[in-house]
Participant: 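Got a structure here, written out as C-alpha cells. Questions coming.
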Amino acid sequence: MKRIYLDHSATTPVDPQVAELMMKYFVDYYGNPSSVHYYGREVRKALDEARTQVATLIGANPAEIAFTSGGTEADNLAIQGAAKAKLKKGNHLITSAIEHHAVLDTCKHLGKNGYELTILPVDEEGIISVDELKKAIRPETILVSIMHANNEVGSIQPIEEIGKITKQQDILFHVDAVQSLGKCSIDVKAMNIDLLTISSHKIYGPKGVGALYIRKGVRVSPLMFGGAQERKIRSGTENAPGIIGFGKACELAGQRMESERAHLTSLRDKLIDGIMSKIDNVKLNGPSGSKRLVNNVNVSINFIEGESLLLSLDMIGVAASSGSACTSGSLDPSHVLLAMGLSHEVAHGSLRLSLGMQNTDEDIDYVLEELPKIVDRLRAMSPLYTKTSC
Amino acid sequence: MKRIYLDHSATTPVDPQVAELMMKYFVDYYGNPSSVHYYGREVRKALDEARTQVATLIGANPAEIAFTSGGTEADNLAIQGAAKAKLKKGNHLITSAIEHHAVLDTCKHLGKNGYELTILPVDEEGIISVDELKKAIRPETILVSIMHANNEVGSIQPIEEIGKITKQQDILFHVDAVQSLGKCSIDVKAMNIDLLTISSHKIYGPKGVGALYIRKGVRVSPLMFGGAQERKIRSGTENAPGIIGFGKACELAGQRMESERAHLTSLRDKLIDGIMSKIDNVKLNGPSGSKRLVNNVNVSINFIEGESLLLSLDMIGVAASSGSACTSGSLDPSHVLLAMGLSHEVAHGSLRLSLGMQNTDEDIDYVLEELPKIVDRLRAMSPLYTKTSC
Amino acid sequence: MYSDKVIDHFTNPRNVGEIEGANGVGQVGNAKCGDIMRISLVVEEDIIKDIKFKTFGCGAAVATSSMVTEMVKGKTLEEALKVTNSTVAEALGGLPETKLHCSNLAADAVHDAIKNYLEKTKV
Amino acid sequence: MYSDKVIDHFTNPRNVGEIEGANGVGQVGNAKCGDIMRISLVVEEDIIKDIKFKTFGCGAAVATSSMVTEMVKGKTLEEALKVTNSTVAEALGGLPETKLHCSNLAADAVHDAIKNYLEKTKV
Ligand SMILES: Cc1ncc(COP(=O)(O)O)c(C=O)c1O
Ligand SMILES: Cc1ncc(COP(=O)(O)O)c(C=O)c1O
C-alpha cells in the first residue's frame with residue numbers, strides 16, 4: 001500500500017543525511033565530550049559546530065543555546081527556570097489559552113504554587129489580542145509566554161509586537177517556536193525574544209533533542225543538578241549524536257526554508273480548497289493566508305468523529321491526526337479548538353493534515369479523491385447526520 | 001595509530017546491533033508513538049518491547065519503568081520527585097559523600113531549600129557503613145539515596161543490607177545503578193529498592209536515554225509538565241529510537257553479563273597487578289576483589305598530575321580519565337577521592353582506566369608497557385619527585 | 001492498539017442503519033463527550049428479529065455497536081439483557097484501557113432500546 | 001581543546017630540569033591546587049644565560065613553563081620581567097578558558113626566580 005504521511009506537526013522522519021551523520025557518532029566518535037582524550041575532543045568539536053548551526057537558524061550566538069532533551073524540557077526550563085529566577089521581582093505570568101501543554105500545564109502548575117497566572121483568550125482564528133496582553137500586564141509581571149505558531153491550527157501570533165511591549169516593560173518574553181522553526185524566519189534579536197524553545201524532531205532531526213535559547217544576561221534556574229554541562233543550565237552527559245543531528249537538521253532547514261515555504265504553501269492551499277469544495281458541512285479551523293503556518297491544514301468535518309476518521313484514513317495509507325477527545329488523551333477534545341469557540345461536537349470532528357518536505361501534488365490528489373468517500377461512509381453511520389442537514 | 005579505549009565508565013560506543021535497530025526508527029518507523037496511525041502504532045509496539053527488555057534486566061515490571069533523557073534526569077526525578085511527594089511525611093534525606101553529582105548536588109540543592117540532609121562518610125575503600133546509616137535515620141527521614149557501584153573507584157555498596165533497613169522503617173530507597181547495570185546482577189524486588197536509576201550510554205546504548213524504576217505504589221512528582229507521556233511522570237515526545245536502542249542494549253547486556261563479568265574481571269586484575277608491580281609510589285584507590293566493580297581500575301600515581309598523564313596516554317592512543325581538578329571541572333580534585341581520605345596531592349595524580357567489552361589482553365599488555373615510561377617522563381619533570389622518594 | 005476483530009467490525013460494520021418500522025429505539029451518549037449510539041430493533045414474540053445501529057464515535061464505539069447487534073440478533077429479550085458492555089468488549093478480543101469507559105456503551109444502547117420496546121408494549 | 005603549540009610544548013618540553021649552580025630559584029603554586037612550577041636560572045651580567053623548569057601540573061602548566069623558558073632565555077632581566085602570564089598564553093596560541101587562571105603561572109615563577117637572584121646579589 002502506498003503510504004502518505006500527513007502528520008509532520010506530530011513528528012518528522014529523520015533526514016537521511018542527518019541519520020548518517022549521527023551514525024558516525026554512535027560507533028566511531030563515541031566519546032564523552034567532557035573527556036580530555038581523542039574520543040572526547042572529536043565530539044566536543046562537533047558539538048560546538050552543532051551549537052553554531054542551531055544558533056544561526058534563529059539569529060542567536062552559540063553561547064546562548066542550551067541543549068535539552070526536547071521541546072517539552074525547553075519549555076519547562078524556560079518557564080519554571082525564569083519564574084524561579086525572577087521571583088524576587090514578581091510572581092505574575094501571562095500565557096495564552098492555545099499553548100502546547102508543555103507551556104500551559106507548566107504555567108498552571110506554577111499558578112497553583114505561589115504564582116499568579118493570566119491565560120489570554122484567542123479569537124476565532126486562534127490569535128491573541130495584543131491589546132488584551134497589554135491590559136494583563138501588572139507591575140509584578142515577570143514572564144510572558146506566547147507560542148509562535150500553533151501546533152493544531154497553525155495560527156501565527158504577533159510575536160514582534162509582543163516583543164516590543166515586553167522589552168519596553170522589562171518583562172521576560174518566552175516563545176515556543178517548535179512548530180515555526182524552519183518554516184518561518186526567526187530572529188531572536190530583531191523579535192526581542194528572551195527565551196525561545198525549539199525541538200529537533202519537528203524539523204527532520206532526531207527525537208529527544210531540543211534547545212532553549214537564553215538571551216545573554218538572562219538567568220534561568222536549572223531543572224536538574226549534576227555534572228554541570230551546558231554551563232550548569234542543563235546537567236547530564238550530552239546526547240552528542242542527537243545534538244549533532246539537530247545541528248545538521250537546522251543547517252538543512254535554513255538552506256531549504258525558502259523553497260519549502262513555497263512548496264508547502266502551494267500544497268496546503270490546494271488541500272484546503274479541495275476539501276472545502278468537495279465536502280459539505282466543513283469548517284476551516286485557524287486563519288488562512290500568511291497568518292497560517294505553511295504546512296498546516298485543520299478542518300472540522302461535522303457529524304463524524306475524529307478518531308474514526310483517522311482509522312479510516314489509516315486504512316487507505318494516510319497518516320493524520322485529530323483534536324478529538326479520543327486522541328487527545330483526555331476526556332475533552334482539543335483545548336485549542338475549544339478556546340477558539342468551537343463546540344465540543346465540532347471539535348470532535350476535527351482533522352489535522354500537516355504537510356512535509358516529501359509530500360507531492362499526487363499525495364494531495366489522492367487525499368482529495370478518498371477523503372470525501374470516507375466522510376460519506378462515516379456520515380451514513382452517524383445518527384447526527386441526515387442528508388438534509390446541509 | 002592503534003587506539004585503546006579505556007574510558008567505558010564515562011561512556012561506551014553504541015553496539016552495532018543497537019545502532020542498526022535505531023536506524024530503522026529514524027527513517028522508516030518514525031511516527032509519534034501517541035499517534036493513532038500506522039507510523040505511531042509500529043513505534044508504540046517497539047516501545048512496549050523496549051520497556052519489557054529494560055524491566056527484565058532489573059527484575060521489574062514494565063509498568064514500573066519511566067524513560068528519561070538519561071541518568072542525570074532519572075536521579076533528579078527520583079530525588080526531587082520523591083522529596084516533594086513525601087514532604088507531608090518528613091523532610092530528611094540521607095545520601096553518601098561519594099555519590100555522582102547528579103545525586104549529591106540534587107540533595108544539596110534540596111538541603112538548601114527546606115530539607116534536612118545527612119551526607120554519610122565512607123571508609124578508605126569508598127564504602128559506607130550500614131551502622132552509620134542506621135544511626136542517621138530519624139522519624140522524619142523520607143529518602144535514602146545510595147549508589148550501587150561508584151563511577152570513579154568502583155566500590156560496591158551494601159545495597160541489600162540497606163534495602164532491608166529502609167523497608168523495615170518505611171523509608172524510600174533510591175539507588176543509582178548507572179555503573180552497575182549490566183555488570184552486577186540487579187533485582188529491585190529482592191533488594192527492596194523503590195527507585196532505581198539507569199542510563200543507556202554506559203551499556204552500549206545511545207546517549208540521552210535513561211530510565212527510572214519506580215516501584216508500583218511509589219509516587220514521585222514530575223519535573224516537567226506537558227503531553228502526559230510515561231503516565232504523566234515524564235512528559236515530552238518519547239525519544240523512540242533512543243528508547244528502543246536502550247531496550248536492545250539491556251537485552252544484550254543481560255545475555256552477555258556472565259561472560260563479560262569474567263572477561264572484565266580478568267583484565268582488571270591483570271591491569272591492577274601490572275601497574276602495582278611495575279610502578280613505584282602507586283596506590284590502588286577503592287577495594288579489591290568482589291567489592292570492586294569488574295571493569296574499574298583507579299590508581300593514584302604520586303608526584304604527577306592527572307591531566308598531563310591523560311594527555312600523554314592520549315598521545316599513544318590510550319583514552320582514560322582522572323579525578324584531577326583539571327578534569328573535574330572544579331577547582332578541587334574528585335570529591336570521591338577526597339571523601340576516601342586522599343590528600344589533594346594524591347587525588348590530583350589519580351588515573352581511572354575503565355574496561356569494556358572490546359578490550360583485550362593485548363590492550364592491557366600495551367598499557368603496562370607504555371604507562372611506566374610515561375610516568376618516568378612526567379616524574380622527571382616534576383619538582384615533587386626525587387629518585388630517593390621511593 | 002485495536003484488536004483485529006475491532007478493526008474488522010470498524011471496517012465492515014454489521015447492521016448499520018435505522019429500521020423504519022422499529023418497535024424499540026434506544027440511544028446513549030451525547031455529542032459533547034464524543035460518542036452517540038442509536039439502536040433500533042424489531043421484537044417479535046420476545047425475540048429480536050432485526051436490529052440496526054447508527055453511531056457517532058471512535059473506532060471502539062463503532063465496533064462495539066456492530067458487535068452488539070450481532071450478539072443479540074435472534075436472541076430473546078432476556079438473553080439480550082444479559083449481554084453487557086464488558087461481554088461485548090470481550091467478544092471483540094478486548095479494548096484499549098482508555099476506551100473501556102466512554103466508548104463502550106453499545107450494550108447500554110440495546111438495553112435502552114429493549115426498555116423502550118417494553119414500555120411501548122406495556123401501554 | 002589545546003592548541004598545536006601547547007601540545008608541542010607539552011610533548012617536547014624545552015629546558016626541563018634543575019640547574020646545579022643556579023643563582024636564582026623561584027617556585028609558585030602548591031600541590032593542593034594541582035600546579036607547582038619551579039624555575040632555576042643562571043644570570044650573568046643582567047642576562048639570563050640559562051634557565052630550566054620543573055613542573056607538576058596539567059598540560060597547560062607544562063606548556064607554559066616550557067614556553068616561558070624559551071621566551072626569557074638570553075633576555076635581560078628587565079625584558080624578562082615584562083613577560084607576563086598572558087603574553088605566555090598568547091605565545092602558545094591561547095589557552096582554554098578554564099586554564100587561564102590556575103595553570104598559567106609560569107611567568108610568575110620566572111619573576112619569582114629573578115627576585116630571588118636580585119635578593120641574593122644585593123647581599
Ligand atoms: C508547539 C509545541 N511545543 C512543544 C512541543 C513539545 O516538544 P517535544 O515533543 O520535543 O517535547 C510540541 C510538540 O510536541 C509542540 O508542537
Ligand atoms: C553513577 C552515575 N550516576 C549518574 C550518571 C549520570 O548519567 P547520565 O550521563 O546518563 O546523565 C553517571 C554518568 O555520568 C554515573 O556514572
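Sequence lines set the chain letters: A, B, ... in the order given, protein chains first and strands last, and positions in each chain run from 1.
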Participant: Could you tell me the separation between the CD atom of Glu305(A) and the CD1 atom of Ile36(C), rounded to the nearest 0.5 Å?
Facilitator: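 Going from the CD atom of Glu305(A) to the CD1 atom of Ile36(C) covers 11.0 Å.
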
Participant: Any side-chain heavy atom of Ile7(C) within less than 4.5 Å of one from Met315(A)?
Facilitator: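 Yes, close enough: below the 4.5 Å cut-off.
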
Participant: So for atom NZ, which belongs to Lys283(A), do other residues, nucleotides or ligands contribute more than 12 heavy atoms lying within a distance under 6.0 Å?
Facilitator: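 Enclosed.
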
Participant: Name the region of Met381(A), side chain, backbone, both or neither, that has any atom closer than 4.5 Å to a heavy atom of chain C.
Facilitator: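 The answer is both parts of Met381(A).
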
Participant: When heavy-atom pairs shorter than 4.5 Å are enumerated against chain C, which of Glu307(A), Arg379(A), Glu345(A) gives the highest number?
Facilitator: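 Top count of heavy-atom pairs under 4.5 Å with chain C: Glu307(A).
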
Participant: Which bit of Ser312(A) comes within less than 4.5 Å of chain C, counting heavy atoms only: side chain, backbone, both or neither?
Facilitator: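 Contact with chain C involves both backbone and side-chain atoms of Ser312(A).
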
Participant: Is there any residue in residues 38-72 of chain C with a non-hydrogen atom under 4.5 Å from a non-hydrogen atom of chain A, and which ones are they?
Facilitator: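 Interface residues of residues 38-72 of chain C: Arg38(C), Phe53(C), Lys54(C), Thr55(C), Phe56(C), Gly57(C), Cys58(C), Gly59(C), Ala60(C), Val62(C).
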
Participant: Once salt bridge (charged side-chain N to carboxylate O under 4.0 Å, His left out) is applied, do any residues pair with Asp123(A), and if so which ones, sequence neighbours excluded?
Facilitator: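 Salt bridge (charged side-chain N to carboxylate O under 4.0 Å, His left out) list for Asp123(A), sorted by chain: empty.
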
Participant: With sequence neighbours left out, what residues match Asp105(A) under salt bridge (charged side-chain N to carboxylate O under 4.0 Å, His left out)?
Facilitator: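 None.
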
Participant: Tabulate, in ascending numerical order, the residues of residues 79-97 of chain C having at least one heavy atom closer than 4.5 Å to a heavy atom of chain A, or enter 'none'.
Facilitator: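 Listed by number: none.
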
Participant: Quick check: closest heavy atoms across Arg377(A) and Thr11(C), and the distance to 0.1 Å?
Facilitator: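 Reported closest heavy-atom pair: NH2-O, 2.9 Å.
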
